[in-house]
Structures are given as C-alpha cells and as structure tokens.
Enquirer: 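Let me give you the structure first, and then I'll get to my questions.
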Amino acid sequence: MLLGVDTEEDITVQPLPGQGVVAGIVAALIGAGVLSVILVGGDSIVTGARSSLEALEPGFEDIRQIGQQLFTNYVFALEVTAALLTIAVVGAVVLSRRVADLQPMPEPESVDDEHDVDAGLYTQPVGAGTPTTAEDGD
Amino acid sequence: MRNLDLAYLALGAVLFSIGSFGVLYRRNSLVMIMCVELMLNAVNLTFVSFGRMLDDTAGQVIVFFVLVVAAAEVVVGLGLVVSVARRKPSASADDITVLRG
C-alpha cells in the first residue's frame, strides 16, 4: 500500500512537465562533477595530514580505538545523538497516535476523492459520548 | 591500493547521484525516503574511504552519527508517510499539497 503498487496511476501524465529531464540533468551534473574531480585529480584530492595518534594499523584493534574515540573526543556529539533519538521516538509516537475525535481533512476541490478512506474508520463524531476505553491509544 | 580507494570514492559519487535523481524524480514518498538513505550511505562510504586513506578513525566515528541521524529521519519520515497514507492511501507526494493553508 505504501509503495503504491496497488494504485492505478497513469504514469504517462506528468504533473510537472519536464521534471524527469531536469532531474536527470541535475543528477548527472552532480555525479559527473564529483567523478571528474576524482578521475582528474587522482591522488592529489586527498589532502590533509595523515593521522599519527589514531592511526589504523593492520592487526591493531580497530573497534577499541573507535570506542575510545566515541567516549572521549566525541562524547558530546554522542550525547546529542542520544537526545536526537529520544526526540525522534517521541515524534513517532505523536505522529502515529490515533486521535479519538479525528475529523476527515477538509479537502480543496481540486483533489480527487476516489482514493479516500471511508471516514467511519477513524472518526468519531465530536460529542458522541463514547467513554474512552483502551482503544484511546495512549 | 590507491586505485581501489579512488574506486570507492567513485562508487560513492555514483550512489549519491542515483539517490539525488530518485529524490528529484520519484513521486512516492517512501521511495524518496529510500533515496535519501542512499545518498546518506554514499556519504558514509566516502567518509570511511577517506578515513582509510588518511589512517584516521574519525572517518568511521562520523559514520555512527550519520547513521543515528538517518535513523531519526526515517522514524519521523515514516510516521509522516503513514499518517498521510491513512487519509489518502495513494502514496503519492502530491497528496501532501492538501496541507496548504
């Protein structure tokens, strides 16, 4: 359903004419630009000093080095990502909560109604007075 | 060895351009999220290969943070896609135009 394989969409009709051509040109420019830099530049595109403290030696313990880096030099970024994940979980819960008195969206005239969900699935009329039970979603 | 590193960089560039083409061209919101993930992982590959070239673990440490940001983006993006698809299950990005004021 989410991938849209069950919808009969006329893909020959472009809502934005020329979108495919512009998208192809932009993507080809991005790819060709970076590829030409790599191909023309060769080794000289890698600038910067080679690391001496955090050197990756073959046979040396890689995972231990990464773990030490994460919890010493990058510990603030690690905590910030933890907070980011917490915020994302809260956002997902809020977005996926099924509100009891959800009304169907008032639609503009230009939107076709043929794919609309039956409104009775999600909506309860306001003031219908069903006491909130376990299906409240919280 | 050098040529192999450059080949990884070239693969990252190709994957990034494929992902950007998908974001610009596709109309399905879910496929657009997948293409954003493709772009993020192309950048991850570039980070790791530069870290290998410079013998630095920072290239691999950054990948952790990129992955966490990608996970958060997928969580919120999938929530938005599902909540839009509940009301209009045609799974097209054009449906979100009903959010206009």
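Note: hydrogens, waters and symmetry copies are ignored here, and every other heavy atom, side chains too, is used. Each chain gets a letter, A, B and so on, in the order the sequences are listed, and its residues count up from 1.
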Enquirer: Return the CG to CD1 distance between Leu9(B) and Ile38(A), rounded to the nearest 0.5 Å.
Expert: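 Rounded to the nearest 0.5 Å, the CG-CD1 separation comes out at 4.5 Å.
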Enquirer: Can you list the residues of residues 15-24 of chain B that sit under 4.5 Å from chain A, counting heavy atoms only?
Expert: Phe16(B), Ser17(B), Ser20(B), Phe21(B), Leu24(B)
Enquirer: Yes or no on side-chain contact (heavy atoms from CB on, under 4.5 Å) for Val66(B) and Val43(B), after CA distance, side-chain angles and deciding distance?
Expert: CA-CA 9 Å; Val66(B) 176; Val43(B) 174; 5.7 Å; no
Enquirer: So, the side chain of Asn41(B) versus the backbone of Glu37(B): is there a donor-acceptor pair under 3.5 Å, distance only?
Expert: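 Judged by distance alone, yes, a pair lies under 3.5 Å.
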Enquirer: Check whether Leu78(A) gets within reach of chain B through its side chain, its backbone, both or neither, counting any heavy atom under 4.5 Å.
Expert: both
Enquirer: Which distance, rounded to the nearest 0.5 Å, do you find between the CG of Leu40(B) and the CG of Leu45(B)?
Expert: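 Reported to 0.5 Å precision, the distance equals 13.0 Å.
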Enquirer: Please tabulate, for side-chain N and O atoms in residues 21-36 of chain A, each donor-acceptor pair with protein atoms closer than 3.5 Å (sequence neighbours left out).
Expert:
{"residue": "Ser36(A)", "atom": "OG", "partner": "Ala32(A)", "partner atom": "O", "Å": "3.0"}
{"residue": "Ser36(A)", "atom": "OG", "partner": "Gly33(A)", "partner atom": "O", "Å": "2.8"}

Enquirer: Pick from Val14(B), Val68(B), Leu80(B): which one has the most heavy-atom pairs with chain A under 4.5 Å?
Expert: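 Of the options given, most contacts go to Val68(B).
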Enquirer: Taking the side chain as every heavy atom from C-beta outward, state whether Phe64(B) and Ile66(A) have any pair of such atoms under 4.5 Å apart.
Expert: yes
Enquirer: If you count heavy-atom pairs under 4.5 Å with chain B, which of Val80(A), Thr81(A), Val93(A) comes out on top?
Expert: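 When all of Val80(A), Thr81(A), Val93(A) are compared, Thr81(A) has the most.
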Enquirer: With side-chain contact (heavy atoms from CB on, under 4.5 Å) as the test, would you mind laying out the steps for Val36(B) and Val74(B) before giving the verdict?
Expert: CA-CA 9 Å; Val36(B) 171; Val74(B) 164; over 6 Å; no
Enquirer: State, with a plain yes or no, whether a side-chain heavy atom of Ile62(B) is found less than 4.5 Å away from one of Asn44(B).
Expert: no
Enquirer: Let me know if Phe50(B) has heavy atoms under 4.5 Å from chain A in its side chain, its backbone, both or neither.
Expert: side chain
